[in-house]
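Quantities reported herein were computed from a predicted structural model and do not represent experimental measurements. Here is the naming used below: chain letters follow the sequence lines, and residue numbers restart at 1 for every chain.
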Amino acid sequence: MKFSDKIYTLLKKVPIGKVTTYKELAHATGCDAYRAVGQVLKKNPDAPNIPCHRVVATNGTIGGFNGFKTGPNIDRKKSMLEHEGIVFDGDKVVDFEKKLYKF
DNA sequence: AACCTAATCACTA
DNA sequence: TAGTGATTAGGTT
């Protein structure tokens with residue numbers, strides 16, 4: 001429970017207009033459980049308070065969302081991020097490293 | 001350069 | 001205890 005709880009807390013700390021990666025998130029928790037992060041987010045116990053859409057892959061791509069590696073859900077996520085101030089170039093984030101929230 | 005495979009960690013049933 | 005997953009990195013073609 002510590003791992004997931006940490007993930008939630010960190011994610012809530014991410015300000016609007018910023019994004020984070022699974023790797024950074026995992027490293028912030030102390031483990032490199034990239035996949036575990038996704039697992040925890042998938043469960044998403046506090047969806048409205050946890051911006052899972054601000055979590056992207058390490059290379060800047062969205063990676064996946066809501067169990068869909070690609071498709072309409074991804075577009076939905078992109079729209080949300082654009083609304084937050086994040087710009088998307090195809091499936092990649094523009095100035096991703098610049099907008100990456102560092103813990 | 002692009003694609004595919006294997007490895008790794010935590011969580012759920 | 002065993003299986004799964006919203007990934008990542010590396011090697012191969």
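With a cut-off of 3.5 Å on both pairing distances, the Watson-Crick or G-U wobble partner of C:dT8 is B:dA6.
Comparing B:dT12, B:dC9, C:dA6 against the side chain of A:Lys43 picks out B:dT12 as the nearest. Counting only heavy atoms from C-beta on, A:Leu41 has its side chain closest to C:dA6 among C:dA6, B:dC9, C:dT7. Taking every side-chain heavy atom of A:Tyr34 into account, C:dT7 is the closest of C:dT7, B:dC11, B:dC9.
The separation between A:Tyr8 atom OH and B:dA10 atom P is 14 Å, rounded to whole Å. Following rounding to the nearest Å, A:Tyr22 (OH) and C:dT7 (P) show an atom-to-atom distance of 6 Å. The distance between atom CG of A:Asn59 and atom P of C:dG10, rounded to the nearest whole Å, is 14 Å. One interatomic measurement links the two molecules: CG of A:Leu25 to P of C:dT8, which rounds to 11 Å at whole-angstrom precision. Here C:dA6 presents its P atom at 15 Å from CD1 of A:Ile62, a figure rounded to the nearest Å. Rounding to whole angstrom units, CZ of residue A:Arg35 and P of B:dA6 are separated by 13 Å. One interatomic measurement links the two molecules: CD of A:Glu24 to C1' of C:dA6, which rounds to 17 Å at whole-angstrom precision. Residue A:Asn44 contributes atom CG, which lies 16 Å from atom C1' of B:dA10 at whole-angstrom precision.
Using a distance-only test at 3.5 Å, with no hydrogens or angles considered, a donor-acceptor pair links the side chain of A:Ser79 to the main chain of A:Asp75. No donor-acceptor pair closer than 3.5 Å links the side chain of A:Lys92 to the backbone N or O of A:Ile62.
Proximity of A:Lys42 to the phosphate of B:dT12: no side-chain N or O atom is located under 4.0 Å from OP1 or OP2.
Residue-level contact check: A:Phe3 touches the backbone only, with heavy atoms under 4.0 Å from sugar-phosphate atoms and none from bases. Using a 4.0 Å heavy-atom distance criterion, A:Ser4 is classed as a sugar-phosphate-only contact.
Nearest-nucleotide assignment on DNA chain C puts the 5′-proximal partner with A:Gln39, out of A:Gln39 and A:Thr21.
Summarising the geometry of A:Val14 relative to A:Tyr101, their closest heavy-atom pair is CG2-CD2, 4.0 Å, with the distance given to 0.1 Å. Smallest separation of non-hydrogen atoms from A:Phe3 and A:Val40: CD2-CG2, 4.0 Å.
For the pair A:Glu84 and A:Arg54, the salt-bridge criterion is met [side-chain N within less than 4.0 Å of a carboxylate O].
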